[in-house]
Amino acid sequence: MNQVYVNELKNHIGEEVTLKGWLYNSRSSGKLLFLLVRDGTGIVQCVVFKPNNESLFETAKSLGQESSIIVRGKVREDARSPIGVELEVTDLEVIQNVEGYPITPKEHGTEFLMDHRHLWIRSRRQHAILRIRHTVVKATRDFLDNRGFILADAPIFTPNACEGTTTLFEVNYFDHDKAYLTQSGQLYNEATAAAFGRSYCFGPVFRAERSKTRRHLTEFWMVEPEMAYATLDDVMNLAEEMVCYVVERVLEERRDDLKTLERDVSKLERIKAPFPRIHYDEAVKILQDGYEKGALENKFEWGGDFGAPDETYLSSQFELPVFVHHFPASIKAFYFERDKERPELALGADLLAPEGYGEIVGGGQRAFDLEFLEKQIAEHNLPREAFEWYLDLRRYGSVPHAGFGMGIERCVAWICGIEHVRETIPFPRMLYRLRP
RNA sequence: UCCGCAGUAGCUCAAUGGCAGAGCAUUCGGCUGUUAACCGAAGGGUUGUAGGUUCGAGUCCUACCUGCGGAGCCA
């Protein structure tokens, strides 16, 4: 059987081919029957004409949505088809005739669709989003691989809070200790960067925050590159290039999917380096101006961390993603290097996506000095013993080094232009959503 | 954790405190080019749960459950 996939049909015009897939939807018009068949690569309309084969027509007519079928037919060019071709059915094998598929081609609510997520991912829109996710992941990895970064993944079970800030998921780890699900591979990356020079990890991370907004998942994927002998500027340069590369690849490879999502691609086409880079002091000024103009409800004070409305306002001032750098050290994790001129500032940078999608990249330069780090750990009330291995990195060949993390789902949500990150991962985990 | 909104047929939603309704889906019938096809007919209900007010509650009140949006927190 010469099985052909829907996305290859254009190369088989005039030939008789076999499609293996599922019935997406069907329409009938008396003696004509239109079967929309999907096979994972696309959807094609298959036409059955009653007088040509009456029993085949009756079989085809009885098929329910999502019935699994093998269709044989002749590929025909047709201007009316969205993909340029359709199939004139000559034979039909029913693997399973389905009754009562829950997701109909009409509107459904979020709760219903999320309860049926395992089936929802068969639909056009979800397909487009998840294919774009695939390309974002692939492009990210290609980008780092091509620059000599070594994939060295960090563990998911960790003995302690890596930054000591966010709420962690706790699990029993055999007889004695509790373990925690990682919230970032960063500390481990610093070790692998000292081993390989340039390294990255790519995996799921977990946050037990009780956040329920369109930007939050409890389990999400993060790519975290780390570089030895690198500075804050190196981090911003790398993140900027990486984001541009990823957007470019999606524009190249996923135009059709962006179209399905009705994404305004002109907004993506102008994502080119350099991105604006603003100092925290300047960001504060912009936010205070925003308050004066009445665009923000609360007056932002120097020293605070940005809330969601602040981030949205800041990003709305620019068409490109914008870096904010040199945050007050007091609102950042213990491991940040300090600014030499102004030690109250941390050498960190966040990248805010345009159109209010929030922070997609966060990173910076790590503390170099052993004594400084020891002091930081003490001041943050972190258990010193747990960080001994980390302190070793400052004892044995410490170098200036830096890195960042990029949240895959927020990045995908921004590129797709969709409302909520829950659609950017096959099976989202959220505050009130653990199933399916 | 806090604030706000919602829950009625398989799904999406209507119903001034007064007979429980429509579209889609399903089943049956019609149609040779449909694009969420269309046209006709039929079946389909413990109105989230428990209590209360009322002659009468889907509708008003209280509590709880479930979900949604947001805040805080976070990427």
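As the structure is a prediction and not an experimental result, all values here were calculated from the model. Chain A is the first sequence line, chain B the second, and so forth, proteins listed ahead of strands; every chain is numbered from 1.
- A donor and an acceptor atom sit less than 3.5 Å apart, one in the side chain of A:Ser211 and one in the base of B:C73.
- Taking a pair to require two hydrogen-bonding distances under 3.5 Å in either a Watson-Crick or a G-U wobble arrangement, B:G7 pairs with B:C65.
- Between A:Arg210 atom CZ and B:G70 atom P the separation is 17 Å, expressed in whole Å.
- Counting only heavy atoms from C-beta outward, the side chains of A:Phe202 and A:Glu224 never approach each other to under 4.5 Å.
- Atom name C1', nucleotides B:G70 and B:A36: the rounded distance is 32 Å, in whole Å.
- Side chain of A:Ala308, nearest nucleotide from B:A71, B:G69, B:A75: B:A71.
- Between the C1' atoms of B:G30 and B:U34, the separation comes to 15 Å (whole Å).
- One interatomic measurement links the two molecules: CZ of A:Phe112 to P of B:G7, which rounds to 18 Å at whole-angstrom precision.
- One C1' atom belongs to B:G33, the other to B:C28, and the distance between them is 24 Å to the nearest Å.
- Taking atom C1' on both B:A14 and B:G23, the two are 11 Å apart, rounded to the nearest angstrom.
- A centroid separation of less than 6.0 Å is found between the aromatic rings of A:Phe306 and A:Phe327.
- The side chain of A:His216 contributes no N or O atom lying less than 4.0 Å from OP1 or OP2 of B:G70.
- In this structure, A:Lys74 does not pair ionically with A:Glu88, as no charged nitrogen and carboxylate oxygen lie closer than 4.0 Å.
- The side-chain ring of A:Phe220 is stacked on the base of B:A75, judged by centre separation under 5.5 angstrom and plane angle under 30 degrees.
- Dense packing is recorded around CD of A:Glu292, with more than 12 heavy atoms of other residues, nucleotides or ligands lying under 6.0 Å away.
- Summarising the geometry, the separation between CD on A:Gln183 and P on B:C74 is reported as 10 Å, rounded to the nearest angstrom.
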Report summary line: Each nucleotide of nucleotides 28-34 of chain B classed B (base within 4.0 Å of a protein heavy atom), S (only sugar-phosphate) or -, in 5' to 3' order, makes ---BBBB
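- Counting heavy-atom neighbours within 6.0 Å of A:Glu262 CD, excluding the residue itself, gives a total of 12 or less.
- Taking atom C1' on both B:U26 and B:G58, the two are 26 Å apart, rounded to the nearest angstrom.
- Between B:G56 and B:G18, the two P atoms lie 14 Å apart (nearest whole Å).
- Remark: the A:Asp39 side chain and the A:Thr41 side chain contain an N/O donor-acceptor pair separated by less than 3.5 Å.
- B:U12 and B:U49: their C1' atoms are spaced 24 Å apart (whole Å).
- Taking the C1' atoms as reference points, B:C13 lies 13 Å from B:U47, given to the whole Å.
- The pair A:Asp281-A:Lys285 fails the salt-bridge criterion, with no side-chain N (NZ, NE, NH1 or NH2) lying under 4.0 Å from an Asp/Glu carboxylate O.
- Of all nucleotides listed (B:A36, B:A71, B:U12), B:A36 comes nearest to the side chain of A:Asn25.
- The distance between atom NZ of A:Lys212 and atom P of B:C2, rounded to the nearest whole Å, is 13 Å.
- For A:Arg207 and B:A75, the shortest distance from a side-chain N or O to OP1 or OP2 is below 4.0 Å.
- Defined by atom type and a distance below 3.5 Å, a donor-acceptor pair is missing between the side-chain atoms of A:Thr90 and A:Arg72.
- The shortest distance between the side-chain N/O atoms of A:Arg215 and the OP1/OP2 oxygens of B:A71 is below 4.0 Å.
- No donor-acceptor contact under 3.5 Å links the side chain of A:Thr104 to the base of B:G10.
- With rounding to whole Å, A:Leu168 atom CG is found 17 Å from B:C73 atom P.
- Out of B:C68, B:G72, B:A75, the shortest distance to the side chain of A:Arg410 is found at B:A75.
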